[in-house]
Undergrad: 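My questions will all concern the structure given below.
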Amino acid sequence: MFDVEKIRKDFPILEETVYGKPLVYLDNGATSQRPRQVVEKMNEYYFRYNANVHRGVHYLSNRCTDANEEARETVRQFIGAASEREVIFTRGTTESINLVAYSFGEAFIGAGDEIVVTEMEHHANIVPWQMLCKRKGAVLKVIPFHDNGELATEQLDELLTERVKLVGVAYVSNVLGTVNPVRDIIRRAHAVGAKVLVDGAQAVQHLPIDVQELDCDFFVFSGHKLYGPTGVGVLYGKEALLEQMPPWQGGGEMIKTVRFEKTTYNELPFKFEAGTPDFIGVVGLGEAIRYVDSIGLENIAAYEHDLLHYAMERMREVPGMRFFGEAGDKSSVISFALGDIHHSDTGVLLDKLGIAVRTGQLCAEPTMQHYGVTGMVRASLGMYNTRNEIDALHDGLMKVTEMFGIR
C-alpha cells in the first residue's frame, strides 16, 4: 500500500549529496520538498499559459483562471469545506492568520474582550493576536501545557468565559509534535460563544482533515509544508462568518464597483483576494494536493507513525538524549537536546554528515521558555523519509556525543 522507494523517485533532490554524503532531509517541519509532478505542472503553466487570472477574455487568461478555480475546488475537497466560497488563497499560514486577526478583529473584537491561544503556539499564532489586543484594548490569555507536551485542558473551563471571542490553537505543535484535542477545544469554545481558528500548518501533510466535522470557524495552512510551492497558502472560513468580515486589503479583484464617493466589494472568496495572486503557485498547490491524495493521507499517516516510533526508539539509545514533547498523541516532529551541547553545534556537525535538521527557537520562544532552554534541535519527518535515514541520524548523533565526550 505504501512504496516509499517509489515515492522517493519523484523527489530528485533526495538523490543529492552534501559534503560527499547522501542527503538526509529531516527539516520537513520548516518546508517539505516538491515532487517533480508539482514543478512540471508549474513549468507547464509558466511556459504555455502564463497570464493574469479573472480579468482577461483571452485564451491564456481563461486557461489560468480555470486552473486556479480547479485548484480551489481541489482544496475544498481536500479539507471538506462546504463551498468554494469558503476557500481563500493567501501567501501562507502567517498571512491567513493576520487576515483573520485584522478582519475578524475589526468586526467582532472590542475593549475588554479576550482572545485565547496556547503556550505552544508558533509566533504566527501569537503576534497577530497581540497586535489586535493592543489595537482594540482586548486581553490575550494563554492555555499552558504540561512538561510532556500535552495541553492543560483542565484549565479550559476557567479560561473560557463569555468574554472570549476567539481561540487560536495549533492542530499539531511545530516543536513538540503534539496532536492537540482540537475537537474538544472547539466544542467547549463554542459553548461560550467563542470562535476557533485552527493552525493546520503542521497537520495537513500528516492527517486527514474535515473542517465541517471539526466544526472550526477558521482553518489555515501553507502550501510549502504540503509538498507544494512557497508563497501560497489557504484560509478556510465559514461562509456566514466571512460575509460579516470586512476586507483587509484594498485593490483590484476585491471590488465590484469603485467610485470616489463609495466602493462596493466583491463576493466571496474574491473579497479577500486583492491584487494579482501567485496564480501559478496556486496551480502548483492543487497539483501537490492531488499528489498527496494519490498516495492517501491515511497511508501516509500510518507510515509516518511507524517511522516516528522507530526514530524515537533509536534516538533513546544516544547518550545524553533529552526529548521535548512526549505526548500520547504525537505527530512526526522530534525536538531534542544532547546533554549540554549547544543546539547549533549539533546542527552544524550533523550537516557535515549530510543530515539536515532545524535548530534554534523554532519560532516558538514561549515553548523554549517553558523548558528553560535557548533552543532545540528538531528532526521532522516526511512521507519520503526512511528507516535507513533514521539510522543515519542515530549514527550521526552518536558521533556528536563522542566528540563532546558524552557517554
Side-chain angles (χ1 to χ4, degrees), residues 13-14 16-33 119-124 126 145 147-149 172-178 201-202 224-225 307-327 330-382 384-407:
I13 197 171
L14 300 180
E16 291 293 318
T17 58
V18 176
Y19 302 115
K21 305 287 186 181
L23 171 64
V24 176
Y25 187 78
L26 298 173
D27 194 19
N28 297 285
T31 194
S32 60
Q33 300 300 333
E119 186 184 11
M120 67 176 68
E121 295 304 312
H122 188 284
H123 294 161
I126 299 174
F145 65 86
D147 286 349
N148 70 349
V172 176
S173 165
N174 74 304
V175 176
L176 309 174
T178 304
Q202 300 290 338
H224 70 101
K225 300 180 193 294
L307 192 64
L308 175 67
H309 178 75
Y310 180 75
M312 296 285 287
E313 290 303 307
R314 290 244 60 195
M315 292 172 70
R316 289 185 203 281
E317 301 169 2
V318 179
M321 176 61 65
R322 178 189 178 188
F323 290 117
F324 300 101
E326 296 191 72
K330 181 178 170 69
S331 189
S332 303
V333 174
I334 307 170
S335 293
F336 62 93
L338 295 179
D340 59 358
I341 303 174
H342 195 276
H343 49 85
S344 292
D345 292 336
T346 301
V348 168
L349 291 171
L350 288 175
D351 178 54
K352 297 301 181 183
L353 299 172
I355 302 168
V357 294
R358 179 68 39 152
T359 65
Q361 296 179 337
L362 309 179
C363 294
E365 282 194 57
T367 301
M368 304 299 122
Q369 293 166 357
H370 177 101
Y371 290 107
V373 298
T374 60
M376 302 174 183
V377 184
R378 182 184 70 188
S380 47
L381 309 177
Y384 41 57
N385 290 126
T386 66
R387 287 196 172 204
N388 287 339
E389 291 182 317
I390 299 303
D391 293 338
L393 173 63
H394 167 273
D395 295 346
L397 292 173
M398 293 295 288
K399 290 180 180 179
V400 173
T401 58
E402 290 171 9
M403 289 183 63
F404 282 85
I406 296 179
R407 304 184 185 280

Undergrad: With sequence neighbours excluded, tell me which residues meet side chain to side chain donor-acceptor pair (under 3.5 Å) with Glu121.
TA: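 Residues passing side chain to side chain donor-acceptor pair (under 3.5 Å) with Glu121: Thr118, Asn125.
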Undergrad: Please check: side-chain N/O of Thr178 versus main-chain N/O of Gly149, any donor-acceptor pairing under 3.5 Å?
TA: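 Yes: the side chain of Thr178 pairs with the backbone of Gly149.
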Undergrad: With sequence neighbours excluded, what pairs up with Glu326 under the side chain to side chain donor-acceptor pair (under 3.5 Å) test?
TA: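 Arg316.
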Undergrad: Let me confirm one number: the CG-SG distance from Asn174 to Cys363, rounded to the nearest 0.5 Å.
TA: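 Nearest 0.5 Å value for the CG-SG distance: 7.0 Å.
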Undergrad: Taking side chain to side chain contact (heavy atoms under 4.5 Å, CB included) as the definition, give me every residue that meets it alongside Pro319, ordered by chain and number, with sequence neighbours left out.
TA: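 Pro319 satisfies side chain to side chain contact (heavy atoms under 4.5 Å, CB included) with Met398, Thr401, Ile406 only.
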Undergrad: Please check: side-chain N/O of His123 versus main-chain N/O of Ala364, any donor-acceptor pairing under 3.5 Å?
TA: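 Answer holds: yes.
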Undergrad: Could you note down all residue pairs passing ring-ring contact (aromatic ring centres under 6.0 Å, His included) where residues 348-368 supplies at least one of them, sequence neighbours left out?
TA: none
Undergrad: Hey, does the side chain of Gln202 reach the backbone of Gly177 with a donor-acceptor pair shorter than 3.5 angstrom?
TA: no
Undergrad: Can you run down the side chain to side chain donor-acceptor pair (under 3.5 Å) pairs that involve residues 335-349, sequence neighbours left out, and say none if there aren't any?
TA: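 Found none.
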Undergrad: By side chain to side chain donor-acceptor pair (under 3.5 Å), which residues pair with His370, not counting sequence neighbours?
TA: Glu119, Asp147
Undergrad: Give me the atom names and distance for the closest heavy-atom approach of Met321 to Leu338.
TA: CE-CD2, 3.6 Å
Undergrad: According to the salt bridge (charged side-chain N to carboxylate O under 4.0 Å, His left out) rule, which pairs have a member within residues 362-381, sequence neighbours left out?
TA: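 Pairs touching residues 362-381 that pass the test: Asp27-Arg378.
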Undergrad: Quick one: ring-ring contact (aromatic ring centres under 6.0 Å, His included) partners of Tyr384, sequence neighbours excluded?
TA: Phe11, Tyr227
Undergrad: Tyr310: what forms a ring-ring contact (aromatic ring centres under 6.0 Å, His included) with it, not counting sequence neighbours?
TA: none
Undergrad: Among all residues two or more places apart in sequence or in another chain, which pass the side chain to side chain contact (heavy atoms under 4.5 Å, CB included) test with Val373?
TA: Arg322, Phe324, Met368, Tyr371, Met376
Undergrad: Could you work out, with side chain to side chain donor-acceptor pair (under 3.5 Å) as the rule, every residue matching Glu16, not counting sequence neighbours?
TA: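 Per chain and number, Glu16 pairs via side chain to side chain donor-acceptor pair (under 3.5 Å) with no residue.
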Undergrad: Write out all pairs satisfying salt bridge (charged side-chain N to carboxylate O under 4.0 Å, His left out) with one or both partners inside residues 390-402, taking only residues at least two apart or from two chains.
TA: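 Qualifying pairs, neighbours excluded: Arg314-Asp391.
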